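Remarks on the structure that follows.
Owing to the predicted nature of the structure, the values given are computational and were not obtained by experimental measurement.
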Amino acid sequence: MCAMPSAEPTPASVDESDLVPPTRNDEVARSGSELIGGPLGRRALLGTSWWNPVRVIALVAIGVFALGLVQKAPCYDGAWFFGASSQYTHACYSDIPHLYQGRGFADGLVPYFDKLPGDMQYLEYPVLTGVFMEVAAWLTPGSGSIQDQEQWYWMVNAGMLMACAAVIVVCVSRTHARRPWDGLLVALAPAFALTATINWDLLAVALTASAMLMWARGRSLAFGVLLGLATAAKLYPVFLLGPLFVLCWRAGKWRDFGKALGGAVVSWLVVNLPVMFFAFDGWSKFYTFSQERGVDFGSFWLIMAQNSSDPLSTETVNTFATLLMLLACAGIAALTLTAPRRPRFAQLAFLIVAAFILTNKVYSPQYVLWLVPLAVLARPKWRDFLIWQACEVAYFLGIWMYLAYTTSGNAHKGLPTDGYHWAIGLHLMGTAYLCAMVLRDILMPERDVVRLAGDDDPSGGVLDRAEDVFVLGAAAHRPRHAAQFDGPQVEWGSEPGTTDRSL
């Protein structure tokens, strides 16, 4: 389901000696490199080995992903099948084995077309994710006990999701051509490994990362097709079209945006129309379920509901959450048009998805996967990334300990409600902190670590070094800040490959 892109480290136009090694400009990366021999030397011979950055990072990602599978071993050996709370106390829960039987795959039911027994009448996932689940079911042996089949189903899905993880790190490593080592942040992200096999989100993340790479290479139509497929697997990728629209507005790149939008619409329709036409009730279940679902785990709405004697209705929460998201979208649009330099596409992509996560009525622990690649492209600073990851790991442990508490009866083993609220708060504060760092980079572009080496928008494709044609406020003027900056800068509208290194 996930096609592996080429493992060539950078476009041919980028010389190995022009790469930006993080150990030279990131204190945390430099300190961490002591574990493997220290920072890269000034006289290091680059491009002389098969072990280029992309190949190394892909292998690291596979290794760390395997460690995440090992972390699920207590559940694989029995906690998924015996004991109500043991899968939570071991923090190894996964939807995958439970839904093999719960969504009719064990009985050979066809997703969206066949009704399911129980309260959930149809599969509540987007169509492309349903296809992914069905393919895994075809590859699962039908012999043995139901426990054996569920174990096999999880292993098959884990293998397919591992391929998606490899696609993600390769795409992130290649999106910023001069910064391939940034992909190591994705490969080593602890929350990435812990949540990768909870659900099927990695499919959409891989398609989104592939789309970002295509846009960075100036392939607008391919970007749109991949983004449409990603939206057919999960809803959140469609939000990337919003900031891209405003960026293209500022740069006057309407033709490229039109190609991207057209490709996204067509690919989404190709996947969805057949199911929509022949099994509308099953197809629409994902959308109706999202609307009808009440306030759930991980959101500030849950904290409000659990501390209120008269909690808001689901309809009211839907309305307020939508209004907050619209306000965030308006703020990002205004920021894009008034920023002293046009923001990088990856920065706005991260902010829009983070806004959705912060305002949504539910935050499942695997949703962190949506943000990891975007966070790396938006703010490849090891300190800030690890601070955020620490908050997400704390939330990962907090939700399972809370569920252990609520399912252990009078034993009350785990984290009580107040403790879980603190875990939610850590998640919210960690995400808000990283958003604040990205916002600072946009408002003070001389602090943007990607632009420190003289780049403009390496993930921007046709937007990279493009001239502004529509701005608001003082955006056309060079920013003036108290902080002094002695690094290279890029002039607007300069030809690709040319850099003004004067102050």
Side-chain angles (χ1 to χ4, degrees), residues 1 80-81 84 87 93-140 142 146-147 149-150 152-154 156-157 160-161 197-204 229-238 268-299 301-302 305 311-319 321-322 360-367 403 406-407:
M1 294 297 297
W80 285 331
F81 315 105
Q87 60 185 332
Y93 174 84
S94 173
D95 288 326
I96 294 172
H98 297 299
L99 296 188
Y100 177 68
Q101 186 175 28
R103 295 301 179 266
F105 296 105
D107 300 319
L109 300 182
V110 179
Y112 312 110
F113 290 84
D114 294 335
K115 280 191 175 183
L116 303 172
D119 296 334
M120 191 68 67
Q121 291 187 329
Y122 295 100
L123 184 66
E124 73 280 22
Y125 287 86
V127 172
L128 199 58
T129 297
V131 172
F132 191 94
M133 299 162 74
E134 179 69 5
V135 170
W138 292 342
L139 298 174
T140 299
I146 187 62
Q147 178 178 333
Q149 294 178 45
E150 290 179 354
W152 268 109
Y153 187 63
W154 181 80
V156 169
N157 275 282
M160 296 166 66
L161 293 171
T197 57
I198 291 179
N199 204 277
W200 292 270
D201 294 63
L202 279 184
L203 172 62
L229 293 176
T231 306
K234 206 75 179 180
L235 180 62
Y236 86 90
V238 74
W268 186 88
L269 288 174
V270 166
V271 172
N272 283 272
L273 273 181
V275 183
M276 190 189 309
F277 184 78
F278 292 105
F280 182 82
D281 289 342
W283 172 83
S284 62
K285 184 60 182 177
F286 165 70
Y287 303 96
T288 57
F289 175 73
S290 299
Q291 284 294 313
E292 297 167 356
R293 186 177 188 177
V295 171
D296 215 330
F297 297 114
S299 68
W301 300 105
L302 181 67
L312 300 175
S313 67
T314 299
E315 292 77 11
T316 302
V317 171
N318 287 340
T319 300
T322 301
N360 198 24
K361 61 184 176 182
V362 58
Y363 178 74
S364 298
Q366 73 273 8
Y367 288 3
L403 288 171
T406 59
T407 58

Open item on the list: How long is the straight-line distance from CG of Leu203 back to NZ of Lys234, given to the nearest 0.5 Å?
Closed with: 10.0 Å
Task: Under 3.5 Å donor-acceptor, Ser364 side chain and Tyr367 backbone - done: no
Open item on the list: Looking at Gln149, is its backbone amide N or carbonyl O close enough to the side chain of Thr140 to form a donor-acceptor pair, meaning the two atoms are under 3.5 Å apart?
Closed with: no
Which pairs of donor and acceptor atoms, one on a side chain in residues 291-298, lie under 3.5 Å apart (sequence neighbours left out)?
from: Arg293; atom 1: NE; to: Asp296; atom 2: OD2; distance (Å): 3.2
from: Arg293; atom 1: NH2; to: Asp296; atom 2: OD2; distance (Å): 3.2

Task: Under 3.5 Å: donor-acceptor pair, side chain of Thr407, backbone of Leu403 - done: yes
Open item on the list: Is the shortest side-chain heavy-atom distance between Phe289 and Met120 below 4.5 Å?
Closed with: yes
TODO: May I ask you to test the Trp268-Leu229 pair for a side-chain heavy-atom distance under 4.5 Å?
DONE: no
Please tabulate, for the side chains in residues 107-119, all donor-acceptor contacts under 3.5 angstrom to protein atoms that are two or more places apart in sequence or on a different chain.
from: Tyr112; atom 1: OH; to: Tyr125; atom 2: O; distance (Å): 2.7
from: Tyr112; atom 1: OH; to: Pro126; atom 2: O; distance (Å): 2.8
from: Asp114; atom 1: OD2; to: Val110; atom 2: N; distance (Å): 2.8

Task: Residues Tyr122, Arg103; criterion side-chain contact (heavy atoms from CB on, under 4.5 Å); working and verdict - done: CA-CA 8 Å; Tyr122 295 100; Arg103 295 301 179 266; over 6 Å; no
TODO: Tell me, with the steps shown, if Ser313 and Thr316 meet side-chain hydrogen bond (donor to acceptor under 3.5 Å, both in side chains).
DONE: CA-CA 5 Å; Ser313 67; Thr316 302; 2.9 Å; yes
TODO: Any chance you could measure Asp201, atom CG, to Thr129, atom OG1, to the nearest 0.5 Å?
DONE: 7.5 Å
Open item on the list: Measuring from atom NZ of Lys361 to atom CH2 of Trp301, what distance do you get when rounded to the nearest 0.5 angstrom?
Closed with: 10.5 Å
TODO: Look at atom CD of Glu134 and say whether more than 12 heavy atoms of other residues, nucleotides or ligands are closer to it than 6.0 Å.
DONE: yes
TODO: Check Trp152, Trp80, Tyr153 against Tyr100 for a ring pair (Phe, Tyr, Trp, His ring centres under 6.0 Å) and give me the one that passes.
DONE: Tyr153
Open item on the list: Quick check: do Gln147 and Phe81 have side-chain heavy atoms less than 4.5 Å from each other?
Closed with: yes
Open item on the list: Set out, in order, the CA-CA distance, both residues' side-chain angles and the distance that settles side-chain contact (heavy atoms from CB on, under 4.5 Å) for Phe286 and Glu124, then state yes or no.
Closed with: CA-CA 4 Å; Phe286 165 70; Glu124 73 280 22; 5.5 Å; no
Open item on the list: Counting only heavy atoms from other residues, nucleotides and ligands, does the tally under 6.0 Å from CZ of Phe278 exceed 12?
Closed with: no
Open item on the list: Check whether Ser94 reaches the backbone of Thr197 with its side chain - one donor and one acceptor, N or O, closer than 3.5 Å.
Closed with: yes
- [ ] Working to the nearest 0.5 Å, report the span between CZ of Phe132 and CG of Leu161.
- [x] 4.5 Å
Open item on the list: Just verifying a value: how many Å separate Asp95 CG and Trp200 CH2, rounded to the nearest 0.5 Å?
Closed with: 6.0 Å
Open item on the list: Working to the nearest 0.5 angstrom, can you tell me the gap between Leu99 CG and Asn199 CG?
Closed with: 7.5 Å
Open item on the list: Would you say that Met160 contacts Val135 through its side chain, given a criterion of any heavy-atom pair below 4.5 Å between the two side chains?
Closed with: yes
Open item on the list: Under a 3.5 Å threshold, yes or no: a donor from one side chain and an acceptor from the other, between Trp154 and Glu150?
Closed with: no
Task: Which atom of Ile198 lies closest to which atom of Pro365, heavy atoms considered - done: CD1-CG, 4.1 Å
Open item on the list: Just so I know, are the side chains of Thr231 and Pro237 near enough to count as touching, which here means a heavy-atom distance under 4.5 Å?
Closed with: yes
